[in-house]
Structures are given as C-alpha cells and as structure tokens.
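Before any comments, here is the structure.
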2 protein chains.
Amino acid sequence: MPMTTPVTGTLNGRDDEARAEQVYQLVLEGIVAGEYAQGTRLRERELSELYSVSRIPVREAIQRLEQDGFVETFPRRGAVVRRLSLSDVNDLFDVRLCLETFAARMAAVQVAQGAPGESLQELLDAGRQAIDDGRTDDVVRLSAAFHAEIVRLSGNRLLIESVKPLFGRMRWIFGLAHNRSNELQRDEHVELCKAILGGHAELAYSLAYSHIELGREPVLRGLAGTLEP
Amino acid sequence: MPMTTPVTGTLNGRDDEARAEQVYQLVLEGIVAGEYAQGTRLRERELSELYSVSRIPVREAIQRLEQDGFVETFPRRGAVVRRLSLSDVNDLFDVRLCLETFAARMAAVQVAQGAPGESLQELLDAGRQAIDDGRTDDVVRLSAAFHAEIVRLSGNRLLIESVKPLFGRMRWIFGLAHNRSNELQRDEHVELCKAILGGHAELAYSLAYSHIELGREPVLRGLAGTLEP
DNA sequence: AGCCTGAGTTTGGTATACAAAACGTTCCGG
DNA sequence: CCGGAACGTTTTGTATACCAAACTCAGGCT
C-alpha cells in the first residue's frame, strides 16, 4: 500500500533522490567537458527548464559549484563559468604541494602504525590494467583516485574535506590541458606507493612533492593559449 | 508583505540581497556562542520563523554552514549542530600547520619581492592597544585577523579560500576552550611579523610552525571535558 | 553627441502547496 | 508483558506562482 505512483509523469522514470545533486553533476560535466565554456552565463530558469526541475535544485547546485570553484556569482547578475587564469593554475599546484605532500607523509605514518593500505596498491594495479587496455578515461580516473586514496589514508578528515575542492579543479584543469605521459606518471605512483606502504614518511613526502611539481609545467604548456592573463 | 527583519538595527536603508548571509551569520553566532549546543537540530521552519525569512535563505545558510563544518545534514532528516571530537581538534591543528606555515613562508617571499605588508604591523599594533585596554573580544578578533592577513599576504587566492573554513572552525573551538595568555601569543606574533616583513621565508615558516603548535595543548586541555571520543 | 528613460530580462526573495521519508505512538496479537 | 505492524505527525525536498529590485539595452530628448 505505500505508493506505486501511477501517474507522476513530471519526471522521467528514473525515480531518484537529490535533484540538486543531479543538476550539480550534470552542469559540472558540462563545464569540465568544455560544453559550458569559460564565461558562459548559467541562467537559473534556463537550467531548470533544460533539466526539467524547478529553480530550487538549480540554485543549490550553482551554490555548490561556486564553492567548488567552477562558477562565479555576482549579486543580482547571476552565475558565470569561471575564467581560469595562469595564477589559478599555479595557485592550485602550490596548494596541492602543501596538502598532498602532507597527506602522503601522514599516510605513510598511518600505514607504519598498522592502518591497511592495500587499496592503494589495488588502484595502482587497476591503473596498470587500464593503461595496457588503452582505456584512457579510466587511466585518468584511476590516477585521480590514487591521489584521493592517499589523502584518505592520511586519516585526517578535515584534510579530506579541504582537498575535495582541489580535486574538482584538477579534473577541470587536467581535462583542458593535455596530460603528460601516463607511463611516466605511473612510475612515480609506483615509487610513491612503495614508500607509503613501507611506512617511509619522509621519502613519501619528497616523492609526492616531486611528482606533483613534475605535473606543473606540462599543464601550463598545455593550457598556454587558453588562459587569461 | 516582505517585512524587514528586526534582528539588528543596521538592517534598514541600503540593505538587500543578504537574507541568506544574515541567517548564516546569526546561526553561526548562535553556534559559536554555545546557544545552539552540539547535537541541536536546526529545523528549517523553526529558523525561518525565528528570523522572519522564508525557508530558501535558511536552506542556503544551512548549506553553507555544512560546508564550513558547523553542522551536519542527513538526507530527509535535516541538519544538526556538529559534535566536536578530539580528532576534529587535532585534525584542525594539523591542517593549520600545513597551510598556515606555507602561507607564512609565501608571505615573506611576497614581501621580499616588494609586496606591501604594513597591514600586518597595523594589526599587531591594534592588538597591543586592545590588550592594554583590556578589550578581550578585540584581542581575540585581532589575533584571528593577524593570522588571516598572513594568508592574504601569501597572494595565493586558492589558499585564502581553502583556509576560510578553518578559520570558522578555529573561532568555534577557541571560543569553547579558554585560550592561553594573550601576552605570550602576542610575543610570538611580533617575532613572526618581523620575520615576514624582513622577508625571511624559512624563519617565518618555523616561527609560524611553533606558534601554531604551541596553541594545540592549551586548547586540548581547555576542551578536555566537553569533547566526544 | 551625450545623457536620460523606460521596457524587457534576470535574479533574489516570498508564499503556498504537496509528496515522500523519517519519527512516534498506538494498538494488536502472541 | 513484549514485539512489531499500522497509523498519524513532522519535516524535508520539490514545484509553482508571484513580486520587487536591478541590470541591459534600445530609443528618445535636450
């Protein structure tokens, strides 16, 4: 007797919770895929009609997109997709150097104290497989997951939260730039993984540092033409 | 009728488009002041009636409070004031050590490259005055502003954003704990300020490190009884 | 030409309504 | 007496409609 909603045709069959979450994901996909170019206005009514939801979920989604650094909103003038500048990219790499190296060190400490770290090795193996199979999308996804897993292993929940917006921006920026060789990256991941699982905190720290720093130049070159001053 | 909220006197006049922001500030005040105890449910309707606004600004405020770490929301069950645990405090200090020491180093670099840093000295002087006058609230506020100014001087906008939620939590946690001597803190601030204005990056780094670390134990002691496991 | 003005557009905000999920309470049967 | 199902209540999540302020842009006035 609960429901069997017979005629609620407003939404396509997919009964789902969290309209706002869906709108967030859809718009985010649009941004990182370049469908919504930098500077594009995001009109609430437009999006609500496009996705067949009301304005409330759209507002919530836009609010989250702003907090995650994808859009900028101006009072009474709405939201536009953010324009990335050179300093945005450099700032991102600097903060990553700060937080992710700390995470790597702490992850090694945690593992040395008995925390389980197989998940890291598993992600690495899955990445190897994806490279061999030529599934480029999965390679990128698993590489990001590897970095996220290190942060998770650090055991610092605030750190996990603080890094989340960075990963969103990374996905965007790395998507715009053409990434450097997956093979080279993987070698660095392997070394880093070994250091963490071996509990070598300072080694993990410096490997993470150089791995992140090595990513900066290729990204800057890849974005050379498309960035604002 | 849209009625102007009678919360504070400064509302009338050129005030607009700030309902959500005001609700955010008011609820935040309630939380850091201990009026809303940890675990208290925050009902949308309740708050909207209390502050004479509709539910939309309340929802927006709650969303921001969640992102800043003050409340936790559960799907279909609403928001409650977060319960602070021992590890929350330790996590906060660890991430502060990570980000604020980096900010201090970068601020020194920026100053060495010609960025203006008088604002830091001014905050220090204002703090001295506040201590001499016994204006404890101002002392705390200016101390926080000093830390924020260092981050601002780093010139890294992403860092500024990333640190913002930390400062919110700090205000909460430091408010619950009884702080250590303002005099001691000020001496450390003076040293740190000198290092930054002198452009001594590594000195600024290590001074910031020890200053932050010295704050941990007193806070943990001050909160000893009131924290969850 | 330059400035002002007014219509259209868009956002920010409010009120109201309703469905669905969680919560509480009661009531029934074992 | 107790466990669990049925029911009603509460609260969130969403939709819809509407209003006011402000920004945009075109056109008209001095």
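So that the names make sense, note that chain A is the first sequence line, chain B the second, and so on, each numbered from 1.
In this structure, A:Q63 atom CD and C:dG12 atom P are separated by 10 Å, rounded to whole Å. Distance CZ (B:R19) to P (D:dA21): 11 Å, rounded to an integer number of Å. At whole-Å resolution of the value, CZ in B:R45 and P in D:dG13 are 12 Å apart. The distance between atom CD of A:E21 and atom P of D:dT14, rounded to the nearest whole Å, is 11 Å. A straight line from CG of A:L47 to P of D:dA15 spans 14 Å, rounded to a whole angstrom. Computed from coordinates, the B:I56 CD1 to D:dC18 P distance equals 16 Å when rounded to whole Å. Between B:E44 atom CD and D:dT10 atom P the separation is 16 Å, expressed in whole Å. As rounded to whole Å, 19 Å separates atom C1' of C:dT14 from atom OH of B:Y51.
Within the 4.0 Å cut-off from OP1 or OP2 of D:dG13, at least one side-chain nitrogen or oxygen of B:R59 is found.
Judged by distance alone, with hydrogens and angles left aside, A:R55 brings a side-chain donor or acceptor within reach of the base of C:dG12, the pair sitting under 3.5 Å.
Contacts of B:F102 classified as ring-ring contact (aromatic ring centres under 6.0 Å, His included), with partners at least two apart in sequence or in another chain: none.
By the 4.0 Å N-to-carboxylate-O rule, A:R171 lies close enough to A:E29 to be salt-bridged with it.
Proximity of residues 68-78 of chain B to DNA chain D (heavy atom under 4.0 angstrom from any strand atom) is restricted to B:R76, B:G78.
For B:S54, whose side chain is taken as the heavy atoms from C-beta onward, the closest listed nucleotide among C:dA15, D:dT16, C:dT10 is C:dA15. Of the listed nucleotides (D:dT11, D:dT14, C:dT14), C:dT14 has the atom at the smallest distance from the side chain of B:V53.
Applying the side chain to side chain contact (heavy atoms under 4.5 Å, CB included) test between A:V71 and each of A:E66, A:R41, A:R82, A:R64 identifies A:E66 as the sole match.
Side-chain contact, A:N90 with A:S87: no donor N or O sits under 3.5 Å from an acceptor N or O. In this model, no donor atom of one side chain and acceptor atom of the other lie less than 3.5 Å apart for A:Q129 and A:D125.
Residue-level contact check: A:I62 touches neither bases nor backbone, having no heavy atom under 4.0 Å from any strand.
Both B:R41 and B:E60 sit near DNA chain C, but only B:E60 has its closest nucleotide nearer the 5' end.
Note: B:F174 and B:F93 have tilted aromatic rings, judged against thresholds of 30 and 60 degrees for the angle between ring planes. Ring-plane geometry between B:F146 and B:H189 is classed as parallel, the angle between the planes falling under 30 degrees on a 0 to 90 degree scale with a further cut at 60.
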